[in-house]
Undergrad: 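Take a look at the following structure, please.
Counting starts at 1 for both ligands and their atoms, in listed order.
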Amino acid sequence: MRIAKIDMSVNSSVRLRTGNEMPVMGLGTWLLSRDTAGTVAYAFGLGYPMIDTSSDYRTQPGIGAALRMSGAARDRIYISTKVEETDDAYKRTRFDLKELGLDFADLMLIHRPPLAGAGVRLWRGLIRARNEGLARDIGVSNYPPELIERLIDATGETPAVNQIEWSPFGHSEKMRRFCDKLGIIIQAYSPLTRATRLDDERLVRIAQKYGKSPAQILIRWNIELGTVPIPKANQRRHLEENIDVFDFEIDRSDLQQLNSLNEHYSSLGFLPYI
Ligand SMILES: NC(=O)c1ccc[n+]([C@@H]2O[C@H](COP(=O)([O-])OP(=O)(O)OC[C@H]3O[C@@H](n4cnc5c(N)ncnc54)[C@H](OP(=O)(O)O)[C@@H]3O)[C@@H](O)[C@H]2O)c1
């Protein structure tokens, strides 16, 4: 079990294989289209250092507006976004940046592997975008180890990140070991199980012990293990709660208990790994 440093704050970061830094947590924006600009601006005010989006979430224009409204320095906010499996990845990157009103993204991901093959053409498009300065780092999402290996074999380029569903209820030691070996950081999506398992009584018991909510325990579990959660929240009280995870530590035995909740659960119905 890998345990990250405990003297962390919301401004702490993990180091990617390229040497660039990525914040230890961020805000997801899938289904956050009701008032994206207002919600994201509020999150910036709370200190959220990273926003995850995708052209198909329809939140990029709102995120761009929030960035402009908040006047946040570009180097203080980390933006990850995605290209779709049917896209021309290079062209889509340019489109995403236009919607966001940015010159570059910190991280561009392939949203999911195409139906056939590993997506080598997509990957080459992202490599080109990165080489031209449109993205600092590039990575994948929903990729199993075999398909990551195929991208590397075809191009010599290892993804910096694999964004996958990841929580105590659904994770994989095999995937973690694979990513550790290649220096790939796991960005944890649906880290709150889309709120479907927050009432699990074993989780609730641990939360009560620390005087924290189940959601805060799920977020902190990721941070302590060096995986990077991007919980989504529309409601302000959730946004506030989810960033308030830097004043406690989960002890080793509780981390182990949380690990033992694993049942390869997916709130979306599939995990691209076991
Ligand atoms: N790459 C991919 O294929 C992929 C797939 C899925 C997700 N993602 C990314 O990961 C992000 C997060 O995943 P997700 O949106 O699927 O699910 P999630 O973050 O696990 O859960 C979001 C749900 O939890 C609720 N919630 C948030 N904070 C809470 C709290 N403190 N207490 C109780 N409930 C709370 C939210 O409610 P309210 O909104 O009402 O506050 C919302 O219903 C996405 O937004 C997206 O950026 C990527």
Undergrad: With the threshold set at 4.0 Å, does a side-chain nitrogen-carboxylate oxygen contact exist between Glu84 and Arg112?
TA: yes
Undergrad: Using 4.0 Å as the upper bound for N to carboxylate O, is an ion pair formed by Glu224 and Arg252?
TA: no
Undergrad: Apply salt bridge (Lys or Arg N to Asp or Glu O under 4.0 Å) to Arg136 and list each qualifying residue two or more places apart in sequence or on a separate chain.
TA: Asp106
Undergrad: Anything with a heavy atom under 4.0 Å from ligand 1 counts, so go ahead and list those protein residues by chain and number.
TA: Gly28, Thr29, Trp30, Asp52, Tyr57, Lys82, His111, Ser141, Asn142, Gln163, Tyr189, Ser190, Pro191, Leu192, Thr193, Arg194, Ala195, Leu198, Ala215, Ile230, Pro231, Lys232, Ala233, Asn234, Gln235, His238, Glu241, Asn242, Leu268
Undergrad: Would you say the ring centroid of Tyr143 lies under 6.0 angstrom from that of Trp123?
TA: no
Undergrad: Do Val14 and Val245 sit in one hydrophobic cluster, given that two such residues count as connected whenever their side-chain heavy atoms are within less than 4.5 Å of each other, even indirectly?
TA: yes
Undergrad: Establish whether Leu255 and Phe248 are linked, either directly or via other cluster members, by ILVMFWY side-chain heavy-atom contacts under 4.5 Å.
TA: yes
